[in-house]
Novice: 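Can you keep this structure in mind? I'll have questions shortly.
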Amino acid sequence: MTVRVSVSPLSREKFAAVYAANGALSLLNVCLYLLDRQLRAQAAAFEREGGFTERLYRRRTRRRKSS
């Protein structure tokens with residue numbers, strides 16, 4: 001038994017739309033990857049150095065001691 005499948009070629013507009021959609025998805029993936037890296041770096045810095053209030057307290061304490 002032979003089965004024939006006919007595939008209609010993509011029109012020029014659809015072809016461009018497919019490439020544009022793939023490009024948008026690729027950019028989205030890159031953005032998500034970079035955002036994930038940034039959040040991980042900020043989490044590590046927060047664990048190492050503390051939050052804003054803790055760092056501010058340490059600076060003010062150091063400044064008072066040095067004055």
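Remember, it's a predicted structure, so these values are computed and weren't measured experimentally.
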Novice: A side-chain contact here means heavy atoms from C-beta on lying under 4.5 Å apart; do Arg59 and Arg62 qualify?
Specialist: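 Side-chain contact under 4.5 Å: yes.
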
Novice: What distance separates Thr53 OG1 from Arg58 CZ, expressed to the nearest 0.5 Å?
Specialist: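 Reported to 0.5 Å precision, the distance equals 11.0 Å.
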
Novice: Any chance you could measure Leu27, atom CG, to Asn22, atom CG, to the nearest 0.5 Å?
Specialist: 11.0 Å

Novice: Can you find a heavy atom in the side chain of Gln42 that is under 4.5 Å from one in the side chain of Leu39?
Specialist: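 Yes - at least one pair of side-chain heavy atoms lies under 4.5 Å apart.
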
Novice: Contact between Leu34 and Val30 at the side-chain level, heavy atoms closer than 4.5 Å - yes or no?
Specialist: yes

Novice: State, to 0.1 Å, how close Arg55 and Glu49 come at their nearest heavy-atom pair, and which atoms those are.
Specialist: CG-O, 3.4 Å

Novice: Can you measure from NZ (Lys65) to OG1 (Thr61) and round to the nearest 0.5 angstrom?
Specialist: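 Answer for the NZ-OG1 pair, Lys65 versus Thr61, is 6.5 Å.
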
